[in-house]
Amino acid sequence: MAFKTSDNPRHTDSWYAASAKDKRIRPPLEGEVEADVCVIGAGFTGISAALELAERGYSVVVLEAERIGFGASGRNGGQIVNGYSRDLETIAARYGRDKAVKLGEMSLEGGEIIRGRVTKYGIDCDLVHGGFFAAFTEKQIREMEAHKAHWEEHGHTGLDMVSKADVGKYVKTDRYAGGMIDRLGGHIHPLNLVLGEAAAVESLNGRIFEGSRVTGVDAGEKPIVRTDRGSVRASYVLVCGNAYLAPQFPEISGGMMPVSSQVMATEPLEPTLIERLLPANYCVEDANYILDYYRRTSDNRLLYGGGIGYGGHDPKDLTSVIRPNMLKTFPQLTDVKIDYAWSGNFALTLTRIPHMGRVSDKIYFSHGDSGHGVTTTHLLGKILGEAVAGHAERFDIWASLPNLPFPGGRTFRVPLTVLGAWWYGLRDRFGF
Ligand SMILES: Cc1cc2nc3c(=O)[nH]c(=O)nc-3n(C[C@H](O)[C@H](O)[C@H](O)COP(=O)(O)OP(=O)(O)OC[C@H]3O[C@@H](n4cnc5c(N)ncnc54)[C@H](O)[C@@H]3O)c2cc1C
């Protein structure tokens, strides 16, 4: 297959793209350039790594196939969720207490990096503090209580359980049996965050090329990264293409499965209405395996996400999947217009733990945040930068965690995963 540099790189048609603050289009790479580090992919992972390296004085070139934030980073629910897609108890049971303690020590850092950069670089991305995890059943409440106890062992002091009677302080619906708040959670306009971080990279002399799909990498002491119009010779290459990487680099992209999730934004609501629905302006995510996530935007829309497509396949009509869920939560919104609906792909690993590693001494990768990546990508991008700078201790902890192939190989991994998700969906519905 021939990969061409896109002459017209574009964002997906989302509320985020419509309300992006930085509309500049960076030029594609033309000709041969040199850098200390070449980063492939301008999502949170790639830009976080580039910023860490630029701050340390490295010369960095970022190559993005489309636009900065084109992938999941510019399309997601914008929810700052601490921790990983697997809870720390499971990590301890699978990989041992020592590793769980080390991962636990890092588990609040992604959020700290975001808040720190927003302040340091004055990034205007509508940062709001506070998140609410909603439980439908007593079983989910007990699981949240157990998570809270484990989190607190790892130093998280921002959590509080919420009784059914108090749910209305955070979300006006009678769907939930209770929940938990995380004061260190929150929400952001993710595209404006990544665009602001990219501008910070450029302010430190980093170069970012859009419309510059990488078509191959010549490995070696100084790898050469190729697009169809140019090349970058660098001492290190960081591959951060996540769910959008395939079919290139099958040795990396084969370790994860692209999974789509759908998001929509209503028309702007009356301020009094949206304040009634989400009085604390916390973001909300429910505790089901296939979950709903929603929040208020800075212009008073309800941004509601959910649904899932294994293999990255989307339903034809995106709103037909999400709108019924929104109406279950907020039946009073029946007549509200949906202005935008879009989808994006995240990278799922079988273990639901991010996968970092080395293809060679000079080529590193990170992907597979498995749906909870806003904070984790910021952390892992920083860790990629540290590894290049000669401090690979934290990188090596992540790289030591096994990445298992999906059962069924490329042909059957999607139907088998759908079957697994169906089973977990039944458990959520019937509470067993
Ligand atoms: C719809 C949706 C909702 C989500 N909601 C949340 C949420 O609310 N909270 C949360 O914590 N997580 C959420 N996530 C997950 C989170 O968005 C991702 O984990 C995270 O953004 C991944 O960042 P990334 O940089 O690794 O990948 P991406 O943002 O996907 O970036 C990868 C980039 O690499 C580029 N690329 C790929 N191949 C090449 C190539 N060959 N050459 C050049 N460039 C290339 C792509 O164009 C892309 O821009 C959501 C994900 C989706 C899809």
Side-chain angles (χ1 to χ4, degrees), residues 1-6 12 38-49 62-67 69-76 85 212-219 223-228 232 236-261 308-314 343-360 362-373 376-377 380-381 383-384 387 395 398-399 401-418:
M1 194 188 299
F3 292 102
K4 284 238 168 276
T5 287
S6 174
T12 194
C38 177
V39 177
I40 302 173
F44 287 147
T45 306
I47 292 294
S48 179
V62 182
L63 298 177
E64 165 54 49
E66 299 288 342
R67 303 287 308 275
F70 167 83
S73 302
R75 306 174 185 220
N76 60 59
S85 280
S212 301
R213 178 176 295 282
V214 171
T215 53
V217 178
D218 304 343
I224 299 176
V225 183
R226 299 189 183 283
T227 69
D228 68 341
V232 183
Y236 289 91
V237 176
L238 304 179
V239 184
C240 306
N242 209 40
Y244 291 86
L245 189 64
Q248 286 140 306
F249 306 101
E251 69 277 33
I252 300 176
S253 58
M256 57 92 200
M257 184 199 300
V259 174
S260 72
S261 178
I308 207 152
Y310 292 100
H313 305 298
D314 279 319
S343 82
N345 290 349
F346 63 85
L348 180 76
T349 61
L350 189 67
T351 58
R352 293 177 70 190
I353 291 186
H355 183 204
M356 297 187 98
R358 294 178 180 82
V359 178
S360 74
K362 300 290 180 179
I363 306 175
Y364 301 176
F365 68 90
S366 173
H367 67 191
D369 304 293
S370 300
H372 275 157
T376 322
T377 47
L380 299 184
I383 290 177
L384 281 173
F395 178 92
W398 282 96
L401 303 174
N403 178 256
L404 307 173
F406 280 91
R410 281 201 167 261
T411 318
F412 294 112
R413 64 182 185 167
V414 171
L416 286 177
T417 310
V418 170

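No donor-acceptor pair closer than 3.5 Å links the side chain of S73 to the backbone N or O of G43. A donor-acceptor pair under 3.5 Å is formed between the side chain of S370 and the backbone N or O of G368. Judged by distance alone, with hydrogens and angles left aside, the side-chain atoms of E64 form a donor-acceptor pair with the main-chain N or O of A42 at under 3.5 Å. Checked by atom type and distance alone, the side chain of S85 pairs as donor or acceptor with a backbone atom of D369 at under 3.5 Å. For R226 (side chain) and D218 (main-chain N/O), no donor-acceptor pair under 3.5 Å exists by modelled atom type.
A distance of 6.0 Å separates CZ in F346 from CG in L348, rounded to the nearest 0.5 Å. Rounded to the nearest 0.5 Å, atoms CD1 (I383) and OH (Y364) are 13.5 Å apart. The CG atom of L380 sits 4.5 Å away from the OG atom of S366 when rounded to the nearest 0.5 Å. The CZ atom of R75 lies 4.5 Å from the CZ atom of F70; values are rounded to the nearest 0.5 Å. Residue T377 holds its OG1 atom at 11.0 Å from CG of L384, rounded to the nearest 0.5 Å. Annotation: the span from N403 atom CG to I252 atom CD1 amounts to 11.5 Å, rounded to 0.5 Å.
Cation-pi geometry between R213 and Y244 is not met at under 6.0 angstrom from the ring centre and within 45 degrees of the axis.
Using cut-offs of 30° and 60° for the angle between ring planes, the H355 and F365 rings count as perpendicular.
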> Run the side chain to side chain contact (heavy atoms under 4.5 Å, CB included) check on T376 and F44 step by step: do they pass?
Replying inline: CA-CA 9 Å; T376 322; F44 287 147; over 6 Å; no
